[in-house]
Amino acid sequence: QVQLVESGGGLVQAGGSLRLSCAASGRTSTTFAMGWFRQAPGKEREFVAAISRSGRTASYADSVKGRFTVSRDYLKNTMYLQMDSLKPEDTAVYSCAAARQTQVVDTMGLYDYWGQGTQVTVSS
């Protein structure tokens, strides 16, 4: 079992930045590929970013490419999502997930563990 807890969400103005954290406990997170997803009100959950088990490879949704950066700290068992140049359309609940995979995973159904989510609100 792996428990995931997100933090770092909040209210920010358009153009601002936030850094989300996803702390993993239980089985070591180093055996998992990890990712971020988001769900805006009235919309389906969508892929945001993912990082491979080794941390060498990352993948991003086109809507966040060049603005968001995913990373992981193995000593702290934590994954991060640095979000810059935020837009109102980035407003959503952001959730992290872990998959028993080696490579990056951008498919929601392949993830095995999920956090509860953290709210990000970007005002215009």
Side-chain angles (χ1 to χ4, degrees):
Q1 275 294 77
V2 173
Q3 292 77 44
L4 303 174
V5 179
E6 303 93 339
S7 62
L11 174 64
V12 64
Q13 287 189 331
S17 298
L18 281 175
R19 188 177 80 155
L20 304 183
S21 299
C22 173
S25 61
R27 289 183 61 186
T28 174
S29 67
T30 58
T31 61
F32 298 91
M34 299 188 74
W36 289 97
F37 290 79
R38 67 186 182 186
Q39 186 168 20
K43 295 187 177 181
E44 293 187 352
R45 183 179 285 179
E46 64 176 3
F47 168 74
V48 176
I51 189 166
S52 64
R53 188 172 71 179
S54 69
R56 296 192 188 99
T57 306
S59 176
Y60 300 91
D62 288 342
S63 59
V64 307
K65 205 170 290 184
R67 299 188 298 121
F68 290 11
T69 304
V70 62
S71 61
R72 60 194 303 176
D73 183 330
Y74 293 97
L75 291 179
K76 295 182 179 179
N77 256 355
T78 300
M79 175 180 64
Y80 302 98
L81 184 67
Q82 177 67 40
M83 305 187 296
D84 299 318
S85 301
L86 282 161
K87 305 174 181 179
E89 51 263 45
D90 294 319
T91 295
V93 174
Y94 284 70
S95 300
C96 65
R100 288 187 290 259
Q101 304 283 341
T102 301
Q103 301 304 318
V104 290
V105 180
D106 60 8
T107 304
M108 192 164 50
L110 294 180
Y111 280 88
D112 302 288
Y113 304 100
W114 291 84
Q116 292 298 309
T118 185
Q119 176 70 46
V120 171
T121 303
V122 184
S123 63
S124 56

Just by modelled atom types, is the Val70 backbone N or O under 3.5 Å from a matching donor or acceptor in the Tyr60 side chain? yes

Between Tyr74 (side chain) and Gly55 (backbone), is there a donor-acceptor pair under 3.5 Å? yes

Are any of the side-chain nitrogens in Asp90 or Lys87 under 4.0 Å away from the carboxylate oxygens of its partner? no

Is Arg45 close to Ser95 at the side-chain level, that is, under 4.5 Å between some pair of heavy atoms? yes

Please report the closest heavy-atom contact between Pro88 and Ser124, naming both atoms and the distance. CG-CB, 3.9 Å

Side chains of Phe32 and Tyr113, heavy atoms from C-beta outward: is any pair under 4.5 Å? yes

At what distance, to the nearest 0.5 angstrom, does OG of Ser59 lie from NZ of Lys65? 6.5 Å

Are Trp36 and Leu86 co-members of a hydrophobic cluster defined by side-chain heavy atoms under 4.5 Å apart? yes

Under 4.5 Å between side-chain heavy atoms, counting indirect links through other Ile/Leu/Val/Met/Phe/Trp/Tyr residues: same cluster for Trp114 and Val105 or not? yes

Hey, does Met34 have a side-chain heavy atom less than 4.5 Å from the side chain of Leu4? yes

Say whether, by atom type as modelled, one donor and one acceptor occur between the side chain of Gln1 and the main chain of Gly26 under 3.5 angstrom. no

Got a donor-acceptor contact below 3.5 angstrom from the Arg72 side chain to the Ser52 backbone? yes

Is there a path of hydrophobic side-chain contacts, each under 4.5 Å between heavy atoms, that joins Tyr80 and Val48? no

ILVMFWY network linking Met79 to Met83, side-chain heavy atoms under 4.5 angstrom: yes

Rounded to the nearest 0.5 Å, what separates atom CD in Gln39 from atom CE in Met108? 8.0 Å

Between Gln116 (side chain) and Glu6 (backbone), is there a donor-acceptor pair under 3.5 Å? no

For a quick test of reading the model, state the closest non-hydrogen atom pair linking Arg38 to Ala92 and the distance between them. CB-CB, 3.8 Å

Say you draw a straight line from CG of Leu81 to OG1 of Thr118; how long is it, rounded to the nearest 0.5 Å? 11.0 Å

For residues Val2 and Ile51: do they belong to one hydrophobic cluster (side chain heavy atoms under 4.5 Å, members Ile, Leu, Val, Met, Phe, Trp, Tyr)? yes

Counting only heavy atoms not in Lys43, do more than 12 sit closer than 6.0 Å to its NZ atom? no

Backbone N/O of Thr91 and side chain of Thr121: donor-acceptor pair under 3.5 Å: no

Rounded to the nearest 0.5 Å, what separates atom CD in Glu46 from atom OG in Ser63? 5.5 Å

Rounded distance (nearest 0.5 Å) linking atom OH of Tyr94 with atom OG of Ser7: 15.0 Å

